[in-house]
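Throughout, a chain's letter reflects where its sequence line sits, starting with A, and its residues are numbered from 1. The model shown is predicted, which means the values in this text are computed figures rather than measured ones.
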Number of protein chains: 2
Amino acid sequence: MTVRAGTGHVGTGVQAAAAGTTVAGNPQSSKSQLAYDAVKAKISDGSYGAGFRLVLGRIAKELDVSVVPVREAIRRLEAEGLITFERNIGATVAGIDPTEYLHTMQTLSIIEGAATALSAPLITDVEITKARRINEQMRECLSHFDPVRFTSLNLEFHAVLFTHCPNPHILDLVHRGWNRLNAIRASTFNYVPGRAQESVAEHEELLQLIETGADVDSIERAARNHRAATLIAYLKHAESTAEGE
Amino acid sequence: MTVRAGTGHVGTGVQAAAAGTTVAGNPQSSKSQLAYDAVKAKISDGSYGAGFRLVLGRIAKELDVSVVPVREAIRRLEAEGLITFERNIGATVAGIDPTEYLHTMQTLSIIEGAATALSAPLITDVEITKARRINEQMRECLSHFDPVRFTSLNLEFHAVLFTHCPNPHILDLVHRGWNRLNAIRASTFNYVPGRAQESVAEHEELLQLIETGADVDSIERAARNHRAATLIAYLKHAESTAEGE
DNA sequence: GTTAACTGGATCGTATACGATTTCGTACCT
DNA sequence: AGGTACGAAATCGTATACGATCCAGTTAAC
């Protein structure tokens, strides 16, 4: 053992170097933030999928930080519902079972519907055309089967619709919902083939409703049903494939 | 490598004593949880109201723990939106300005409406009578002016209606909404006198809708409007008193 | 007299240290 | 052979240490 009784610190200088340089490109640099972003990204892109065991020490070593900032990141993710955490046990990536998917979709249908309705009066022609162009690209995706791109465009499309939502809370909830959904999708990629076409058509309907200045109630209902329809399609599909397997 | 800086520790034994005893009554004991509960409670009951500066070290000393668990608690509260946090600056209790109140109420109207509608089919006669009894007590509160009790009963009433919501996410969001609202209310106690009577009447209407098995849409609308009406009453009231001052 | 640089204190951020708890494998007892 | 008890490894929980950063008040320079 031997080594150092005086300062008790060894790598402390590193901390200064790393934090001090503010690596130019990380606007909000902070190990805690780094850990948060890193773990969240890994969950979203599927590297850490479904029930994955998140060992604090391992993550810390991977990111070359100490456990303290990692713990903070984990706490934040816990509060956001992306992971579950048990005292003296550890953290695991949440959102495994199908009912989770169901609940998340249902919640999102409500929140997103509201967000879209609230945004609607503030949406200009510019955004409408932009959304329409995205939807056009989605239609193209249908021919040369490309579900990944389709899903990504789908987010873009809806993002255009709800980003003008004047209520930041609701907007925040929408984002969280999408995050959860991403995490779930990454692990068990579910994509219902037939649904995509209806989806594109419903997008166009939704755009027309907004364009013609329909009352917020109809818009909310349309947006909500749009997502609910996807959920129902998924359930049916899951049922049938379960039999097939 | 093994570093070992002599002892470098003094009060470490205390940790064992405190954590080890598991003070019998704290089922989920953990300093982090303790800090979370404590701070949240202080925010809810108004001790730490509106923009209050949360100094980590001070809180840690108050609770007789180190800063680490406090930081974790703060992170959780941050993710829940109860406080805001800036790097190298610190944390402050969130939710000061009136637009915050507005947004929170709007969000809650949507979420709570949905939660109530989803619960409705699962509500039995037992709960209906229970809710009706609570509403009766609220009516009594009207005569001997008691806004605090009224508010508390109001939560109880709605809790009966939405606790059966089968979607845990939505239920969680409802609870968070109430928490935020509590925090705001504690700082700037706002209670619109005239509104209370309508509120009690609307509660009864809502009960009848549920009782007669009205379609979920009407129930959702009723629940949503009930809260929205409170918001509108508040806005009018705030406007008029602002003039009066 | 006004502004800029300095300085000290408060507070934040994170690394390290080490006790506590859980987990799992193995040896021992029945 | 099967189950239990002991022990070691892994991991969590939190205290402490100390650099970095921010802030306010003070002094120096113009």
May I ask you to decide if [Y]'s main-chain N or O and [X]'s side chain share a donor-acceptor pair within less than 3.5 Å?
X	Y	value
B:Ser152	B:Val148	no
B:Asn182	B:Ser44	no
A:Ser109	A:Gln106	yes
A:Arg180	A:Gly81	yes

Given atom [atom1] of [X] and atom [atom2] of [N], what is their separation to the nearest angstrom?
X	N	atom1	atom2	result
A:Ile59	C:dA15	CD1	P	14 Å
A:Glu72	D:dT14	CD	C1'	13 Å
B:Phe85	C:dT11	CZ	P	14 Å
A:Asn88	D:dA9	CG	P	20 Å
A:Leu63	C:dA15	CG	C1'	15 Å
B:Leu56	D:dA17	CG	P	18 Å
B:Arg53	D:dC23	CZ	P	8 Å
A:Lys31	D:dA20	NZ	P	12 Å

Exercise. Reckon B:Ile74 touches a base, only the sugar-phosphate, or nothing at all at heavy-atom distances under 4.0 Å?
Worked result: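 Nothing, no nucleic acid heavy atom in range.
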Exercise. Reckon B:Arg58 touches a base, only the sugar-phosphate, or nothing at all at heavy-atom distances under 4.0 Å?
Worked result: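 It contacts nothing in the nucleic acid.
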For this session: Would you mind telling me which residue lines up with the more 5' stretch of DNA chain C, B:Gly90 or A:Ile89, judged by nearest nucleotide?
Result: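 The residue mapped nearer the 5' terminus is B:Gly90.
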Exercise. B:Ser66 has a side chain; which of D:dC22, D:dT16, C:dC12 sits nearest to it?
Worked result: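 For the B:Ser66 side chain, the nearest candidate turns out to be D:dT16.
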Problem set entry | Options D:dT11, D:dT16, D:dG13, nucleotide nearest the side-chain atoms of A:Val55 |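 Of D:dT11, D:dT16, D:dG13, D:dT11 is nearest to the side chain of A:Val55.
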Problem set entry | A:Glu127 and A:His164 side chains, donor-acceptor separation under 3.5 Å |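 Side-chain D/A pair, A:His164 to A:Glu127: present.
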Exercise. Looking at A:Arg71, does any N or O in its side chain come under 4.0 Å of the phosphate oxygens OP1/OP2 on D:dG13?
Worked result: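 Indeed, a polar side-chain atom of A:Arg71 lies that close.
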